[in-house]
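Predicted model only: the values in this text are computed from it and were never measured.
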Amino acid sequence: MQFFIDTANLDEIKEAQDMGVLDGVTTNPSLMAKEHIQGPEAIMAHYKTICDLVNQNVSAEVIATDYEGMIKEGTALARIDDKIVVKVPMIKDGIRAIKYFSSRGIRTNCTLVFSTGQAILAAKAGASYVSPFIGRLDDIAHDGMGLIAQIAHIYKTFDFSTQVLAASIRHTMHLIQCAEEGADVVTAPFKVIDGLFNHPLTDIGLTRFLSDFQKAQEGVQEEKNNQTIKEVADAE
Ligand code: G3P
């Protein structure tokens with residue numbers, strides 16, 4: 001199972017990369033806007049900076065929604081770096097564009113997937129990744145996790161090479177359940193990845209280990225002091 005971080009924030013990417021558990025980055029136009037990255041040149045430069053920070057796999061989303069526009073933009077994005085995966089929306093022209101890119105060896109991530117039927121289309125077109133949005137489904141009282149399970153089952157049954165990339169992750173249990181349901185990749189905000197570290201028993205256990213170690217050190221020191229006192233007394 002792979003971990004991607006869902007952000008365009010460089011500090012978060014660096015921190016997650018430094019943890020040593022990061023396999024990639026996903027971004028989208030909203031996340032880029034949140035970092036105030038505006039205009040095609042700034043966006044391309046930001047993608048390059050992200051690629052230089054991580055070992056592999058940076059999803060960069062096209063803005064165009066027509067076939068020719070997506071091909072042009074996706075081709076330019078793919079030229080930035082070998083790590084780029086072109087993120088294409090789940091629309092008819094998007095599926096055609098995915099077919100175009102996959103036949104040319106350019107990796108793709110089919111985004112804004114909310115149904116199993118859409119995931120089948122993405123796999124048929126040769127998408128490298130399909131991104132079902134769990135949180136946004138849960139928000140409208142639909143079963144996000146059920147979607148992950150169904151897609152994973154169908155891909156396995158028919159041996160599709162498309163990987164299930166669970167997106168729109170809101171909390172740590174989402175991430176754990178996605179792993180249970182067979183998602184190949186989970187992309188999560190920094191706070192969700194960071195949240196996996198937390199357990200009060202880890203904190204309590206570590207405090208106890210350190211305090212026992214300290215007590216033992218003090219005991220050794222006391223024994224040494226007593227020995228010195230005895231040696232001095234014996235000499236007198
Ligand atoms: O990258 C797309 C996705 O993860 C969006 O998440 O929280 O805006 O639904 P969210």
Side-chain angles (χ1 to χ4, degrees), residues 2-10 13 22-115 117-133 136 151 155 160-169 183-188:
Q2 296 205 311
F3 267 0
F4 291 179
I5 188 167
D6 198 25
T7 185
N9 180 285
L10 299 178
I13 294 169
L22 194 67
D23 299 299
V25 179
T26 51
T27 60
N28 62 41
S30 306
L31 293 171
M32 292 297 261
K34 201 171 156 196
E35 300 307 314
H36 310 290
I37 314 295
Q38 290 150 343
E41 276 170 27
I43 288 173
M44 300 289 259
H46 199 71
Y47 281 136
K48 181 62 188 155
T49 308
I50 294 175
C51 287
D52 290 343
L53 287 176
V54 298
N55 302 333
Q56 50 170 320
N57 226 311
V58 177
S59 277
E61 188 158 341
V62 296
I63 302 297
T65 53
D66 64 296
Y67 177 72
E68 281 77 21
M70 282 189 261
I71 299 302
K72 196 172 161 215
E73 245 185 82
T75 305
L77 288 169
R79 280 196 190 120
I80 296 175
D81 197 292
D82 286 348
K83 295 171 191 169
I84 292 285
V85 176
V86 180
K87 207 171 174 187
V88 179
M90 174 59 230
I91 52 177
K92 281 184 185 167
D93 275 8
I95 289 297
R96 283 179 64 208
I98 287 171
K99 183 83 193 166
Y100 171 94
F101 290 128
S102 68
S103 65
R104 282 159 181 79
I106 293 174
R107 292 180 299 160
T108 53
N109 173 356
C110 184
T111 189
L112 289 167
V113 166
F114 293 94
S115 78
Q118 292 177 328
I120 291 173
L121 287 170
K124 291 287 293 173
S128 318
Y129 299 93
V130 66
S131 289
F133 278 31
R136 292 191 196 183
I151 297 171
Y155 281 7
F160 282 121
S161 60
T162 306
Q163 295 199 40
V164 182
L165 193 171
S168 187
I169 298 292
D184 301 289
V185 188
V186 176
T187 189

Discussion item. Using modelled atom types and a 3.5 Å cut-off, is there a donor and acceptor pairing between side-chain atoms of D93 and backbone atoms of D66?
Written reply: no
Discussion item. Using 0.5 Å steps for rounding, measure from the CD1 atom of I13 to the CG atom of D52.
Written reply: 11.5 Å
Discussion item. One pair to check against side-chain contact (heavy atoms from CB on, under 4.5 Å): F160 and K124. What are the steps and the verdict?
Written reply: CA-CA 8 Å; F160 282 121; K124 291 287 293 173; 4.0 Å; yes
Worksheet entry | Atom of V113, atom of C110 and distance for their closest heavy-atom approach | CG2-O, 3.7 Å
Practice prompt. Rounded to the nearest 0.5 Å, what's the gap from CD on Q118 to CZ on F114? Could you check?
Written response: 8.0 Å
Worksheet item: Heavy atoms, side chains only, cut-off 4.5 Å: are S59 and V85 in contact?
Response: yes
Worksheet item: Hey, does the side chain of K83 reach the backbone of V58 with a donor-acceptor pair shorter than 3.5 angstrom?
Response: no
Item to complete: For G69 and A64, work out which heavy atoms get closest and say how close.
Response: C-CB, 3.4 Å
Worksheet item: Does Q2 reach the main-chain N or O of G24 with its side chain, forming a donor-acceptor pair under 3.5 Å?
Response: no
Fill in: H46 side chain to A8 backbone, donor-acceptor under 3.5 Å
yes
Worksheet item: Quick one: does D23's side chain have a donor or acceptor within less than 3.5 Å of a partner on F4's backbone?
Response: no
Worksheet entry | Spatial distance of atom CD1 (I95) from atom CE (M90) [nearest 0.5 Å] | 4.0 Å
Worksheet item: At what distance, to the nearest 0.5 angstrom, does CD1 of I37 lie from CD1 of I50?
Response: 8.0 Å
Response to the item:
The side-chain hydrogen bond (donor to acceptor under 3.5 Å, both in side chains) partners of N28 (sequence neighbours excluded) come to none
Practice prompt. Quick one: list whatever passes side-chain hydrogen bond (donor to acceptor under 3.5 Å, both in side chains) with T26, sequence neighbours left out.
Written response: D6, T187
Worksheet item: Less than 4.5 Å apart, any side-chain heavy atom of L112 and any of R136?
Response: yes
Practice prompt. Measure across A119 and I151 and return the closest heavy-atom pair with its distance rounded to 0.1 Å.
Written response: CB-CD1, 3.5 Å
Fill in: Donor-acceptor pair, side chain of Y47 and main chain of D81, under 3.5 angstrom
no
Discussion item. Minimum heavy-atom separation for T162 and A127, please, with both atom names.
Written reply: OG1-O, 2.7 Å
Practice prompt. Could you tell me whether a side-chain N or O of S102 sits under 3.5 Å from a main-chain N or O of A125, the two making a donor and an acceptor?
Written response: yes
Item to complete: Please round to the nearest 0.5 Å and tell me the distance separating atom OG1 of T27 and atom CG of N109.
Response: 9.5 Å
Discussion item. Looking at every non-hydrogen atom in both residues, tell me the closest pair between G126 and I98 and how far apart they are.
Written reply: C-CG2, 4.1 Å
Worksheet entry | Option passing side chain to side chain donor-acceptor pair (under 3.5 Å) with Y129 (candidates T111, D184, N57) | N57
Discussion item. Counting only heavy atoms not in K99 (residues, nucleotides, ligands), do more than 12 fall under 6.0 Å from its NZ?
Written reply: no
Worksheet item: How would you list, by chain and number, every residue that makes a side-chain hydrogen bond (donor to acceptor under 3.5 Å, both in side chains) with D82, sequence neighbours excluded?
Response: none
Practice prompt. Taking the side chain as every heavy atom from C-beta outward, state whether M70 and I91 have any atom pair closer than 4.5 Å.
Written response: yes
Item to complete: Tell me, with the steps shown, if T108 and S128 meet side-chain contact (heavy atoms from CB on, under 4.5 Å).
Response: CA-CA 5 Å; T108 53; S128 318; 4.1 Å; yes
Worksheet item: What is the minimum heavy-atom distance between V62 and E73, and which atoms define it?
Response: CA-OE1, 3.1 Å
Fill in: Rounded distance [0.5 Å steps], OH in Y155 versus CD in Q163
10.5 Å
